[in-house]
Amino acid sequence: MNRASRTGRRAALARRGRRIVAWLRHRVLPSDRFALAVLLVAVTACGLLSDLNGDWFPATAPVLPILVGGLVLRMPSLLLLYAATAGVLVAEDRVHDPDEVTAGSVLVVAAVAGIVLLMARMRTRLGVQWTRGESMLFDLRDRLRAQGEMPVLPPQWHTEVVLRPAGGQSFSGDFLVAARSATGGRVLEVVLVDVSGKGLAAGTRALMLSGAFGGLLGSLPPHGFLPAANDYLLRQEWAEGFATAVHVVLDLESGEYELLSAGHPPGVHWIAGTGRWRVVEAVGPLLGVLDDATFEGVRGRLDHGDALLLFTDGMVELPGEDIATGIDRFLGEAERLVRDDFHDAARRIVAAAGRNVGDDRAVVLLRRR
């Protein structure tokens, strides 16, 4: 090969190198460069150390940098790390001892790389790295729970709220919003909502609706809340866009209340004077189904010693069982609470009557001491 040919080849290699460097600068974000450089060194070190001591550093050692890369690198940088890992495995097989890199070793590294790639794609869609996506979910869950807390009430009133997501998950399609009137706080409004679906899918919709419903509650007259909530759901045009809700408007001085329902299971009123439970069932369609829906309320009064229990369908519905049977079972468990003066009532009744652990369950207790 003459000198001109060698010079031309070197020039071609130099141009190719410059293109690769330019491509890397374009694809690899500045925030990834340091982490990528460290991980490339780590992958190379795994290959060198494997040649020195295969017992302590097997051919599958590069999975450790790959796992870290899945957390800290974005997709282009991660693919470069994968290419470097493949090169290290090929070098180990051809340059060093061929027995070190077995088909099983390659399969393990490839399987881990595939799982990490799927996780990295999900983080890329969210635009977050490390465990920030999980942190965001925890924050959303805490916000949903915080929005469902009862306001401070006068001493003669006692409330309990228990929400149990389906299957022990962190997100529930059941949520509560409550508010006292701005003028003196005499009126308490409580809304228990059951969003269609369950688990995380229902939980994300519940978070959105809880914020919207919390803004509507107290800003509208009591009879305007459910129609406004229905219109809001219709505007979302969700594939699973319906929800049920029960809305209680309670006068904290007189004990008089009105219960309105949107396709929700009835409330139950413990009347201390007669020692009996009264089923309080209002009429109204599901939220997010019909235009110009109307909701008829049922009135009652909580005297001293009385209690009102609200619950979602997960408490009274079982596959193959009529809902009336579930309500009877619920009332049977509630009867036991009376003997203990409703101590820890909401938690106990969820544990005893809420047998359908595959569905979201919620119980709200309002009691006048």
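In what follows, residues are counted from 1 in the order of the sequence shown. Computed from a predicted model, the values in this text were never measured in an experiment. These numbers come from the heavy atoms of this one structure, side chains and all, not from hydrogens, waters or symmetry mates.
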Among [options], whose side chain to side chain contact (heavy atoms under 4.5 Å, CB included) with [X] holds?
X      : options                : value
His264 : Leu259, Val246, Val193 : Val246
Tyr82  : Val43, Val109, Ile66   : Ile66
Arg347 : Val162, Val161, Leu365 : Val162

Minimum-distance pair of heavy atoms, taken over all atoms of [X] and [Y]:
X      : Y      : answer
Ser210 : Val177 : O-CG1, 3.7 Å
Ala42  : Pro65  : CB-CG, 4.0 Å
His343 : Arg348 : O-NH1, 3.0 Å
Ala245 : Leu287 : CB-CD1, 3.8 Å
Ser181 : Arg186 : OG-N, 3.3 Å
Leu250 : Gly255 : CD1-O, 3.6 Å

Point-to-point distance, once rounded to the nearest 0.5 Å, from [atom1] of [X] to [atom2] of [Y]:
X      : Y      : atom1 : atom2 : result
His158 : Arg368 : NE2   : CZ    : 15.5 Å
Asp360 : Met315 : CG    : CE    : 12.5 Å
Glu335 : Trp277 : CD    : CH2   : 7.5 Å
Met150 : Leu188 : CE    : CG    : 6.0 Å
Phe175 : Leu192 : CZ    : CG    : 9.0 Å
Leu331 : Ile327 : CG    : CD1   : 7.5 Å

When you check the side-chain N and O atoms of Glu258 and His223, is any donor under 3.5 Å from an acceptor? yes

Among the clusters formed by ILVMFWY side chains lying less than 4.5 Å apart, do [X] and [Y] turn up in the same one?
X      : Y      : result
Leu153 : Val248 : yes
Val112 : Leu40  : yes
Val350 : Ile323 : yes
Leu220 : Leu233 : yes
Val88  : Leu67  : yes

Determine whether a donor-acceptor pair (N or O, by modelled atom type, separation under 3.5 Å) exists between the side chain of [X] and the backbone of [Y].
X      : Y      : value
Asn230 : Leu290 : yes
Arg180 : Gly185 : yes
Asp306 : Ala272 : yes
Glu333 : Arg329 : no
Thr159 : Leu366 : no
Asp251 : Ser254 : yes
Trp157 : Leu252 : yes
His247 : Leu260 : no

Heavy-atom distance under 4.5 Å between the side chains of [X] and [Y], does that happen here?
X      : Y      : value
Leu309 : Val363 : yes
Ser196 : Arg205 : yes
Pro227 : Phe295 : yes
Val268 : Val280 : no

Is the count of non-hydrogen atoms from other residues, nucleotides or ligands lying under 6.0 Å from Arg299 atom CZ greater than 12? no

For Arg301, does the CZ atom have more than 12 heavy-atom neighbours from other residues, nucleotides or ligands under 6.0 Å away? yes

Verdict with supporting geometry, Tyr257 and His269, ring-ring contact (aromatic ring centres under 6.0 Å, His included): CA-CA 11 Å; Tyr257 70 86; His269 177 182; 5.6 Å; yes

Give me the ring orientation class for Phe330 and Phe311: parallel if the planes are under 30° apart, tilted from 30 to 60°, perpendicular past 60°. tilted

